[in-house]
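The block underneath contains the structure these notes are about, expressed in structure tokens.
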Amino acid sequence: MKNYTPKEIVEELDKYIVGQKEAKKSVAVALRNRYRRNLLPDDFKEEVTPKNIIMVGPTGVGKTEIARRIAKLVEAPFVKVEATKFTEVGYVGRDVDSMVRDLVEAAVRMVKEEKLKKVTEKAKKIAEDRLIDYIIGKRKKQTKNPFEVLFNYPSAEKSEETEEESMQYKREEIRQKLRNGELDNYVVEIEVTDTSTPMLEMYTNLGSEEMNINLQDIFADILPKKKKIKKVPVYEAKRILESEEAQNLIDMDEVIEEAIKRAENDGIIFIDEIDKIASSGYTAGPDVSREGVQRDILPIIEGCTVMTKYGPVKTDHILFIAAGAFNVAKVSDLIPELQGRFPVRVNLKPLTKEDFIRILKEPKNALAKQYQELLRTEGIEVKYTDEAIEAIAEVAYLINQQSEDIGARRLHTVMEKLFEELSFNAPELGGQQIVITEEYVKEQLKDSLNKYEVSKYIL
């Protein structure tokens, strides 16, 4: 896990997310506390549990993006789950344990990629030797005539030495051509491991998807690995063989051990739409999709051991970040035990017109920049006037006010409509410079302006 100070974390988040200082500060402190915990003595380390966070705010204000960016920033295993996907134990649907299994899978992928990068050069060398063997044709091992050994014929040995020298020269010649790319389009037959396994589906209390995976793993270990012949161009053969050799060079037991450790200590689970499983008090009787799911989630957040196909995983030190709009239910509608497991509560503010202007211009991946880069591929140079940016932000803000408030996602709708005509005609407009003005915005968005009666607000 990378070491960042809280201020550095907030600065990095500012590159992609506009506003929401309180939420950024909370996650920055939570991440720094994880780093501090790792420096504690082992006997005290176990006593320090993460301070889980619950984010409250309308859709499209950056809740998910904050969680995703911090996980990417510190290179921690991260998984996003929807609370509405889960059902109470005993009912058909996903069980809550699957969020931990998904986290471990993410950790295994992460550690495996890191290990593969370390063996890339060695794998390339081995793959190159294999590819040369396939190009020149594998040499069959010749059995010596027992009479040659008995009478020690020198001529046979000499011819073998000559053949070996000739073969070595030929291999080096092919190696040079391979590195120069001269043989890239040459089609070659290669032998690779057949990784496909028959799908067996059984329904158990583990859930059908888990049983499928476990059965495939069991049979993969018992049955011998099959080989198959593929005819591919040399450039494709290079990629296939390098990937196969890299897989052979890494120790999967070591990968799994490190992945479980990383998931347990650095893992982040983001539970979205948690307000949808809060009982608002209007329903009568038990509701399996609400309180039942809360009761099932509770032990995972409190700390328990979940069985995965890689072994048992403890959830005591996994950081949970929950989020919801809470426009119908309130945080207090969650069961008290669950509320107590989210000690940090952050309210995210609805986006203003000024926020929309900043979203269009400031972030590293700003929406206005994205359309400029997309159209640059067609040879079109797009520029915006300040008035145009302001008009786009005004339209998005007012539509949110008059219809459903979907936050920054409204900008995607407005920008797509604004550039629809230009994107359609782009192949014929190559080499031109297009300036997006306030008048152009009004013209392209007039249908939206009339529909929501916001034209009178645009001066």
Side-chain angles (χ1 to χ4, degrees), residues 10-21 24 58-66 68-69 72-73 181 184 235 349-459:
V10 171
E11 283 170 10
E12 285 297 317
L13 291 175
D14 284 341
K15 292 179 183 177
Y16 299 97
I17 302 151
V18 167
Q20 313 303 354
K21 293 290 181 188
K24 290 174 183 174
T59 184
V61 296
K63 299 187 297 292
T64 308
E65 193 64 15
I66 287 172
R68 185 180 286 118
R69 290 290 174 187
K72 192 173 182 182
L73 181 64
D184 279 359
Y235 70 87
K349 299 169 185 174
L351 299 173
T352 63
K353 175 189 165 184
E354 288 68 31
D355 290 331
F356 281 131
I357 293 171
R358 290 179 63 198
I359 289 167
L360 284 167
K361 294 165 70 174
E362 291 180 18
K364 204 171 179 180
N365 59 342
L367 208 54
K369 294 176 190 172
Q370 290 180 27
Y371 282 89
Q372 281 179 318
E373 293 303 318
L374 283 170
L375 289 170
R376 190 170 281 132
T377 63
E378 301 272 11
I380 300 172
E381 194 66 33
V382 174
K383 292 189 179 298
Y384 303 87
T385 64
D386 290 340
E387 294 77 16
I389 293 287
E390 194 170 331
I392 295 165
E394 183 90 25
V395 171
Y397 175 71
L398 291 171
I399 293 175
N400 269 354
Q401 293 293 98
Q402 295 194 17
S403 60
E404 289 293 325
D405 187 352
I406 60 172
R409 294 188 182 96
R410 182 68 69 188
L411 279 176
H412 290 268
T413 308
V414 172
M415 290 292 282
E416 196 59 35
K417 184 67 179 172
L418 176 65
F419 280 92
E420 187 177 50
E421 194 68 28
L422 185 55
S423 295
F424 184 80
N425 296 313
E428 288 79 44
L429 301 173
Q432 293 189 31
Q433 185 184 79
I434 307 290
V435 179
I436 306 296
T437 61
E438 187 180 2
E439 291 70 28
Y440 184 85
V441 172
K442 286 181 184 178
E443 177 62 29
Q444 295 301 316
L445 299 178
K446 61 185 177 184
D447 292 340
S448 300
L449 294 172
N450 293 332
K451 182 179 178 182
Y452 292 102
E453 298 180 353
V454 295
S455 55
K456 59 186 176 183
Y457 297 102
I458 310 294
L459 299 176

**OP:** Run the numbers on I392 and M415 for side chain to side chain contact (heavy atoms under 4.5 Å, CB included), then give the verdict.
**Re:** CA-CA 8 Å; I392 295 165; M415 290 292 282; 3.9 Å; yes
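- Side-chain atoms of T385 and V435, non-hydrogen and from C-beta on, do get closer than 4.5 Å to each other.
- Residue pairs meeting the ring-ring contact (aromatic ring centres under 6.0 Å, His included) criterion with at least one member in residues 378-426, sequence neighbours excluded, are Y371-F419.
- Expressed to the nearest 0.5 Å, how far CD1 of I389 lies from CG of L360 amounts to 5.0 Å.
- Across all non-hydrogen atoms, the minimal contact from N365 to Q370 is O-NE2, 2.7 Å.
- No donor-acceptor distance shorter than 3.5 angstrom exists from the side chain of D405 to the backbone of N400, with no hydrogens or angles considered.
- A donor-acceptor pair under 3.5 Å is formed between the side chain of K369 and the backbone N or O of P363.
- Rounded to the nearest 0.5 Å, atoms CD1 (I406) and CD1 (I399) are 9.0 Å apart.
- Atom CD1 of I66 and atom NZ of K24 lie 6.5 Å apart (nearest 0.5 Å).
- Residues I357 and E390 meet the side-chain proximity criterion, which asks for heavy atoms closer than 4.5 Å.
- In this structure, E12 pairs ionically with K15, as a charged nitrogen and a carboxylate oxygen lie closer than 4.0 Å.
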**OP:** Please assess D386 against K361 for the test side chain to side chain contact (heavy atoms under 4.5 Å, CB included), listing each intermediate value before the final yes or no.
**Re:** CA-CA 10 Å; D386 290 340; K361 294 165 70 174; 4.2 Å; yes
Subject >> Check against salt bridge (charged side-chain N to carboxylate O under 4.0 Å, His left out), E420 and K417 >> reply: CA-CA 5 Å; E420 187 177 50; K417 184 67 179 172; 3.6 Å; yes
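- If you take NZ on K63 and CD on Q20, they are separated by 9.0 Å, rounding to the nearest 0.5 Å.
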**OP:** Output, in order, the C-alpha distance, side-chain angles, deciding distance and verdict of side chain to side chain contact (heavy atoms under 4.5 Å, CB included) for L422 and L429.
**Re:** CA-CA 9 Å; L422 185 55; L429 301 173; 3.7 Å; yes
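- For the residue pair A396 and L411, the shortest heavy atom distance occurs at CB-CD2, 3.6 Å.
- With sequence neighbours left out, E373 forms a salt bridge (Lys or Arg N to Asp or Glu O under 4.0 Å) with R376.
- A 4.5 Å side-chain heavy-atom check between L73 and Y16 finds every atom pair outside the cut-off.
- In terms of heavy atoms, I436 sits closest to A388 at O-CB, 3.2 Å.
- Atom OG1 of T59 and atom CZ of R410 lie 10.5 Å apart (nearest 0.5 Å).
- We find that D14 and K364 are not joined by a salt bridge, their nearest charged nitrogen and carboxylate oxygen being 4.0 Å or further apart.
- L418 contributes atom CG, which lies 5.0 Å from atom CG of L445 (distance to the nearest 0.5 angstrom).
- A distance-only check finds no donor-acceptor pair linking the side chain of Q433 to the backbone of E381 [under 3.5 Å].
- The two residues A393 and K353 come nearest to each other via the heavy atoms CB-O, 3.8 Å.
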